[in-house]
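Report on the structure given below.
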Amino acid sequence: MADSEKMLEDDLALLEESPTIYEKKSSDDLIEELSRHRTWKYTVLVFSISLTILISPLNVYITSLAGIDPEPGDIWSCVSEKCEYLTSANTSLLQEFPCDITEIVDGKTELVFGPSDIEWHLERTSFSVEFDLYCNVGSRPAQKTLLSSMYFPGALSGLIVGGFLFDNVGRQKVASVAYALSFLVHLATTFCHNFQLLLAIRFWAGFFEFVGTTGFYVLQLELMPASYRNYINGFAGIVWAAGYPIAAAVGYFVHDWNYMYLAAAILGILSRVHTFVFVMESPRFYLIKNDVKSAKKSFKALAALTTANLNLDKTEIIDAGKAKERQQNLKQQFMELIKYPSVLKETLLFMFLWFFIAMFFYGLNFGWSEIVPNRYLGYLFGGLGEFVAACITVPVIHKLGRRRAMIIFHSGAALVFLIAIPEVDLGNGWTLEGVCCLVCVTFIAASFAGIYLWTGELAPTSHRGFAYAAGSGAARVGSFLGPYIFNNLAPVTHRAVPFGIQSLASLLCAFAAFLLVETGDKEIACVPADVEARRKGYRYRI
């Protein structure tokens, strides 16, 4: 008996002296294992992040719905002595549309009746009427376009700041704060009755909305393995498309333009409140920060939503080893762009794609009131086109890969833009241009879904926030220019000019996609050296 106890003590001592045996796994391996053993809780968590963009179409296009112009036939009356005097001397003026009553002042065409001279009797309020933006006289069209486009300089500024914060503070923390501030900005617009203030609000709305949207998209991709990211992306596209009927409904049923913003604030917070409580930080972010303890804590929180049996205390996460020799900061990220030319090349190429895709996309979606007979119908058809695009994108990318799919989408858009050039009236207010634009939005939306997915896979984890900030930032410049090209270029040149420019740009985008690499069959890169290794020996093929 004594000998047995002695042997047991010796065995225990030996175990204590033995080094702990660690199992080596990458973050991709862990995410893959969690996904294989996922329960409905894990699935709901990941897919519910997409609900944060359900109200995004309303937030982006709300100026097109809240700034409806009066039309000939709408009732107006005089409120100033000037108007009373002129209309009493010439009663036929009361039957004319005020925008057509003009005079030449110092060689410029000016309206005879300003906003202080007349009062409109409309079924719904409009900031276009309140701020005197409804007549295509003088700088009014440019001011109204500026109000819509101001969203995108705000988004660009937000992405520059957000790109730094995503990679240094965290995806979840930054995105949650941004959405909370977006709610407050839209709520404040309920009380706005000043054009300059609305411009500022529009800027900050774009700032906070795109920080929140981009941050949660990055986080969502990092919680799923490569084999499922395409499906997540497709689901996000469907949610975005579902936002169009909501936007049309708010615009149609809410008759006060200030209350449209109130509706956007309420619907936005309701669709996002779950992310403040239930969504945890990406473990990949912690690994890039060399915070293995927090990364394992995040993995454990995810594992609790699955049936996976992970012994993380005895697992060495090899991603952390790759990041040990580097400091995660903006200076380091820029230095690595120079040190690793493949990262710089791919960053510039997808920035080029983001710029033009956004220019096409927002140019179309801010122009439905001019392209089709009814703006609400335009947004419904636009949403249908994007729903079809989301459904098509998933199987096409799954079958052909990211690279070939993007080449096809851009080539298709180039062809449709060319077909739209002839001026053909199809009757009932429809034109060949309108039909082509409804078809083209499907190709463009598919390209947008593709570049969102592709950027997250092309960029290493160390630069993913930076990459989305750079790409989406380039897109905001394109977004700003898009409405001007669609709405303002043709009248001063020829209707073929904007469509010709966009067709050529689409072909250039197809070539840019050809120069990038396929990522659907590869592990996600952790640091720039992984991107360089992925490019080694790469051969360009269709």
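No hydrogens, no waters, no symmetry mates; every other heavy atom, side chains included, goes into these values. Quick note: residue numbers are just sequence positions, from 1.
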Check: Leu349 and Leu353 side chains under 4.5 Å, non-hydrogen atoms = no
Measure the NZ-CG distance between Lys300 and Leu312 for me, rounded to the nearest 0.5 Å.
-> 6.0 Å
Before giving the answer on side chain to side chain contact (heavy atoms under 4.5 Å, CB included), spell out for Tyr286 and Val292 the whole-Å C-alpha distance, their side-chain angles and the decisive distance to 0.1 Å.
-> CA-CA 7 Å; Tyr286 289 126; Val292 178; over 6 Å; no
Do Arg171's NZ or CZ and the ring of Phe285 fall within the cation-pi criteria of under 6.0 Å and 45°?
-> no
Close side-chain approach of Phe208 and Leu184, heavy atoms under 4.5 Å | no
Taking atom types as modelled, find out whether Tyr61 and Ser148 have a side-chain donor-acceptor pair closer than 3.5 angstrom.
-> no
Would you find a donor on one side and an acceptor on the other, under 3.5 Å apart, between the side chain of Gln220 and the backbone of Val46?
-> yes
Got a second to check how far Lys25's NZ is from Leu30's CG, nearest 0.5 Å?
-> 6.0 Å
Would you mind telling me which of Phe360, Phe361, Tyr452 makes a ring pair (Phe, Tyr, Trp, His ring centres under 6.0 Å) with Trp354?
-> Tyr452
Do the non-hydrogen side-chain atoms of Val169 and Phe166 ever get within less than 4.5 Å of each other?
-> no
Indicate yes or no for a side-chain donor-acceptor contact from Ser298 to the backbone of Ala295 under 3.5 Å, with no hydrogens or angles considered.
-> no
Neighbour count above 12 (heavy atom, 6.0 Å) for Lys173 NZ | yes
Apply side chain to side chain contact (heavy atoms under 4.5 Å, CB included) to Val250 and Leu65, showing your working.
-> CA-CA 8 Å; Val250 169; Leu65 301 166; 5.8 Å; no
Show the numbers, then the answer: is there a side chain to side chain contact (heavy atoms under 4.5 Å, CB included) between Tyr379 and Ser64?
-> CA-CA 10 Å; Tyr379 281 108; Ser64 296; 3.2 Å; yes
Ring centroid separation Phe356 to Phe352 under 6.0 Å = yes
Under 6.0 Å from the CG atom of Asn309, do we count more than 12 heavy atoms belonging to anything else shown?
-> no
How many angstroms lie between atom CG of Leu418 and atom OG of Ser503, to the nearest 0.5 angstrom?
-> 3.0 Å
When rounded to the nearest 0.5 angstrom, what is the spacing between CG in Leu34 and CD in Glu32?
-> 10.0 Å
Does any N or O in the side chain of Lys41 come within less than 3.5 Å of the main-chain N or O of Leu305, such that one atom is a donor and the other an acceptor?
-> no
Non-hydrogen atoms of Tyr261 and Thr63 that approach each other most closely | OH-CG2, 3.8 Å
Could you tell me whether Phe183 atom CZ has more than 12 heavy atoms of other residues or ligands within 6.0 Å of it?
-> yes
Inter-residue atom distance Leu267.CG - Leu262.CG, 0.5 Å rounding = 9.0 Å
Output yes when a side-chain donor or acceptor of Arg534 lies under 3.5 Å from a complementary backbone atom of Leu458, and no otherwise.
-> yes
How far apart are the closest heavy atoms of Ser56 and Trp240, and which atoms are they?
-> CB-CZ3, 3.2 Å
Using the salt bridge (Lys or Arg N to Asp or Glu O under 4.0 Å) rule, take Arg272 and Glu209 through it: C-alpha gap first, then chi angles, then the decisive distance, then the call.
-> CA-CA 12 Å; Arg272 294 161 176 174; Glu209 274 293 305; 2.7 Å; yes
pair Leu516-Met406: side-chain heavy atoms closer than 4.5 Å | no
Search all heavy atoms of Leu219 against all heavy atoms of Gln172 and return the closest pair with its distance.
-> CD2-CB, 4.0 Å
If you count the non-hydrogen atoms of other residues, nucleotides and ligands that lie under 6.0 Å from CZ in Phe276, is the total more than 12?
-> yes
Kindly indicate whether the side chain of Thr275, heavy atoms from C-beta on, has any atom under 4.5 Å from the side chain of Phe216.
-> yes
Dump the intermediate steps for salt bridge (Lys or Arg N to Asp or Glu O under 4.0 Å) on Lys289 and Glu281, then the final yes or no.
-> CA-CA 13 Å; Lys289 297 289 288 183; Glu281 185 57 80; over 6 Å; no
Closest non-hydrogen contact found for Tyr42 with Leu223 is OH-O, 2.7 Å
Of all the heavy-atom pairs spanning Cys440 and Phe417, show the shortest one and how long it is.
-> SG-CZ, 3.5 Å
Any chance you could lay out the side chain to side chain contact (heavy atoms under 4.5 Å, CB included) test for Phe443 and Ile408, step after step, and finish with the verdict?
-> CA-CA 9 Å; Phe443 286 108; Ile408 291 172; 5.5 Å; no
Which heavy atom of Ala205 sits nearest a heavy atom of His186, and at what distance?
-> CB-CE1, 3.9 Å
So do Arg403 and Trp454 actually touch side chain to side chain, heavy atoms under 4.5 Å?
-> yes
OG on Ser294 to CG on Leu287, rounded to 0.5 Å = 10.0 Å
Going by heavy atoms in the side chains, are Phe511 and Leu515 under 4.5 Å from each other?
-> yes
Are any side-chain N or O atoms of Asn233 and backbone N or O atoms of Ala449, one a donor and one an acceptor, separated by less than 3.5 Å?
-> yes
Is a side-chain N or O of Ser182 found less than 3.5 angstrom from the main chain of Ala178, in a donor-acceptor match?
-> no
Do side-chain atoms of Ser35 reach the backbone of Ile31 as a donor and acceptor pair under 3.5 angstrom?
-> no
Between the side chain of Arg402 and the main-chain N/O of Gly450, is any donor-acceptor distance below 3.5 Å?
-> no
Minimum side-chain heavy-atom gap Met359-Ile444 below 4.5 Å | no
Measure from the side-chain N and O atoms of Thr307 to the backbone N and O of His37, and report whether any donor-acceptor pair falls under 3.5 Å.
-> yes
Please answer whether the main-chain N or O of Val273 pairs with a side-chain N or O of Tyr179 as donor and acceptor at a distance below 3.5 Å.
-> no
